Q: 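Sharing a structure here in structure tokens format.
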Amino acid sequence: MQVTETHSEGLKRAYQVLLPAKDLEDRLNTELSGMKDKVQLKGFRPGKVPVAHLRKVYGRSVMAEVVQNAVNEANQKIITDNNLKLALEPQVDFPEDKAEVEKALEAKGDFAFTVNLEVLPSFELADLSDVSLTKYVAKPSDAEIDEALNRMAGQSRPFIERNEGSYAETGDRVTIDFVGRIDGTEFEGGKGEGVDLELGSNTFIPGFEDQLVGAHVGDTRLVKVTFPEAYGAEALAGKDAEFDVTVTKIQFPGELKIDDELAKNLGLESLDKLKEAISGAIGSDYEAATRRKLKKDLLDALDGKYAFELPPSLVAQEFANVWAQVEQDLKTRGKTFEDEGTTEEASQAEYRKIAERRVRLGLVLAQVGESADIKVSDEEVNQALIARVRQFPGQEQQVWDFYRKNAQALAELRAPLFEEKVVDHVLSQVKLVEEPVSKETLFADEDAEADGADETAASTESKA
């Protein structure tokens with residue numbers, strides 16, 4: 001096997017591989033000889049089938065395997081001999097001349113093919129001693145804990161049936177039967193019986209609940225509404241609908257009690273313990289927001305420290321993923337680029353920059369992780385898998401089996417664990433200044449910051 005580099009520019013490499021006919025012949029004969037004891041052919045005793053006869057029967061199929069094995073061997077040789085780190089799998093180009101290929105498959109001619117590669121860039125890790133980040137920290141307030149207590153108590157409070165002839169008021173719970181129609185035709189999901197609805201909760205289509213205020217038991221009302229443009233069911237979004245609604249029961253809310261009994265109903269021994277649990281839950285949300293904000297600021301700092309050539313294929317792949325999400329989001333919301341005050345071309349340019357940022361940061365974090373010898377243990381992956389399985393009650397075994405049998409899916413669980421470990425390592429190298437802030441400050445521009453914190457390549461670990 002002869003390997004010759006034919007192109008080297010930037011991160012792109014190309015190699016010409018030549019397999020002489022003699023080499024193909026030897027490889028084919030070796031494979032066929034290994035088949036003698038395994039193949040049973042009519043008219044021949046086991047192990048006595050001549051290689052020449054095996055070649056007539058199986059020659060082409062075996063030669064195809066020989067060529068594929070040679071391609072794999074060549075790829076590995078190129079990578080090993082040149083100490084390359086690939087951005088993506090090698091791309092192999094075979095001869096366009098069919099006659100040349102036919103000769104090679106019969107081991108009557110040399111076989112040449114080209115291997116095109118894209119390698120990862122080489123860069124030095126930046127000095128982070130001059131990086132200073134602010135860690136914003138918020139604590140749950142008594143008012144927030146009280147608000148959560150009131151919400152829980154409201155969800156647990158009893159409802160008492162109103163006297164006959166009473167009318168429904170905002171805050172009451174009504175039990176209804178309904179049939180919905182669009183242009184006079186019933187639609188899927190538009191029918192229900194014995195459905196409880198709290199008036200003023202805004203859980204139904206906007207305007208639906210308001211038209212039931214003042215109704216009494218046995219009352220039938222024609223409720224007219226318009227489905228929101230961004231409604232989940234695309235077939236109903238923006239459509240006008242009419243519902244025949246019959247009220248079968250009206251209940252008013254009982255006394256709101258916040259006491260030890262409420263805590264016990266929720267599985268805790270006292271009101272104080274319930275308050276502690278609420279404070280802990282809110283605190284966890286705040287810590288997660290602190291982490292997102294800090295990670296976003298760290299990634300911004302890292303992005304400003306590095307400038308190197310990016311593998312075009314990785315950027316194109318990442319952009320394709322990002323752009324697919326953008327288009328799906330617009331479709332779900334029923335919007336166009338013009339509705340968003342932009343154009344498709346301008347949006348593509350913006351999201352291509354995001355794709356480039358993700359790839360750049362992914363490569364940086366991968367090299368940091370490799371340099372620091374950061375590993376994700378099998379136990380950590382198992383814990384992540386267990387957490388994922390619990391998200392699918394009733395389907396636990398199917399989800400578990402899917403991940404255990406799918407290496408790529410398991411790698412997608414491992415990658416964010418690796419990334420978080422690398423982020424922790426990098427944070428230990430920069431100066432952190434803790435600053436107490438309000439809830440409002442902590443969550444300011446939360447959506448934008450959450451997006452920014454996620455702007456790393458999904459397969460960070462695999463690039464190490």
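No hydrogens, no waters, no symmetry mates; every other heavy atom, side chains included, goes into these values. These figures come from a predicted structure and were not determined experimentally.
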Q: Please check: side-chain N/O of Ser201 versus main-chain N/O of Glu198, any donor-acceptor pairing under 3.5 Å?
A: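 Side chain of Ser201 to backbone of Glu198: a pair is present.
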Q: Classify the angle between the aromatic ring planes of Phe94 and Phe111 as parallel (below 30°), tilted (30 to 60°) or perpendicular (above 60°).
A: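 Phe94 and Phe111: parallel rings.
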Q: Is Glu338 atom CD crowded by more than 12 heavy atoms from other residues, nucleotides or ligands, each under 6.0 Å away?
A: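 Count over threshold, so yes.
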Q: Looking at Glu118 and Lys12, does any basic side-chain N land under 4.0 Å from a carboxylate oxygen?
A: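 Judged by the 4.0 Å cut-off on N to carboxylate O distance, Glu118 and Lys12 do form a salt bridge.
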Q: Would you say that more than 12 heavy atoms from the other residues, nucleotides or ligands in this model lie under 6.0 Å from the CD of Glu124, or not?
A: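 Incorrect, the count does not exceed 12.
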Q: In plain terms, say whether Arg388 and Glu412 are close enough for a salt bridge, that is, a side-chain N and a carboxylate O under 4.0 Å apart.
A: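 No, no charged N to carboxylate O under 4.0 Å.
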Q: Taking all non-hydrogen atoms of both residues, which atom of Lys293 and which atom of Ala444 are closest, and how far apart?
A: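 Looking at all heavy atoms of both residues, the shortest contact is NZ-O, 3.7 Å.
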Q: Salt bridge check: are Arg414 and Glu380 linked by an N-O gap of less than 4.0 Å?
A: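 Between Glu380 and Arg414 there is no salt bridge, as every charged N stays at least 4.0 Å from the carboxylate O atoms.
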Q: Take atom CD of Glu188 as the centre, draw a 6.0 Å sphere, and report whether it contains more than 12 heavy atoms from other residues, nucleotides or ligands.
A: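 Atom CD in Glu188 is not packed in, count stays at 12 or less.
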Q: Trp323 vs Phe319 aromatic rings, parallel, tilted or perpendicular, using cut-offs 30° and 60°?
A: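 Taking Phe319 first and then Trp323, their aromatic rings lie parallel (interplane angle under 30°).
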Q: Could you tell me whether Lys22 and Asp26 have a side-chain N and a carboxylate O separated by less than 4.0 Å?
A: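 Looking at Lys22 and Asp26, the cut-off is met.
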Q: Set out, in order, the CA-CA distance, both residues' side-chain angles and the distance that settles side chain to side chain donor-acceptor pair (under 3.5 Å) for Ser129 and Asp127, then state yes or no.
A: CA-CA 6 Å; Ser129 60; Asp127 179 13; 3.1 Å; yes
Q: Under 6.0 Å from the NZ atom of Lys135, do we count more than 12 heavy atoms belonging to anything else shown?
A: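 At most 12 heavy atoms, drawn from other residues, nucleotides or ligands, come within 6.0 Å of this atom.
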Q: Return yes when atom CD of Glu435 has more than 12 non-hydrogen atoms of other residues, nucleotides or ligands closer than 6.0 Å, and no otherwise.
A: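 Counting other residues, nucleotides and ligands, CD of Glu435 exceeds 12 neighbours.
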Q: What distance do His7 atom NE2 and Asn116 atom CG have between them, rounded to the nearest 0.5 Å?
A: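 Spacing of NE2 (His7) from CG (Asn116) equals 8.5 Å.
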Q: What's the separation between atom CG in Leu410 and atom CG in Leu385, rounded to the nearest 0.5 Å?
A: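 One gets 6.5 Å once the value is rounded to the nearest 0.5 Å.
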Q: I'd like to know if Asp260 and Lys264 make a salt bridge, using a cut-off of under 4.0 Å between side-chain N and carboxylate O.
A: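 Not counted as a salt bridge, because no side-chain N and carboxylate O are separated by less than 4.0 Å.
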Q: Going by an N to O cut-off under 4.0 Å, is there a salt bridge joining Asp146 and Arg151?
A: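 Looking at Arg151 together with Asp146, the answer is no, because their closest N to O distance does not fall below 4.0 Å.
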Q: Within the structure provided, determine whether Glu434 and Tyr136 are in side-chain contact (heavy-atom separation under 4.5 Å).
A: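 The answer is no; the side chains never approach within 4.5 Å.
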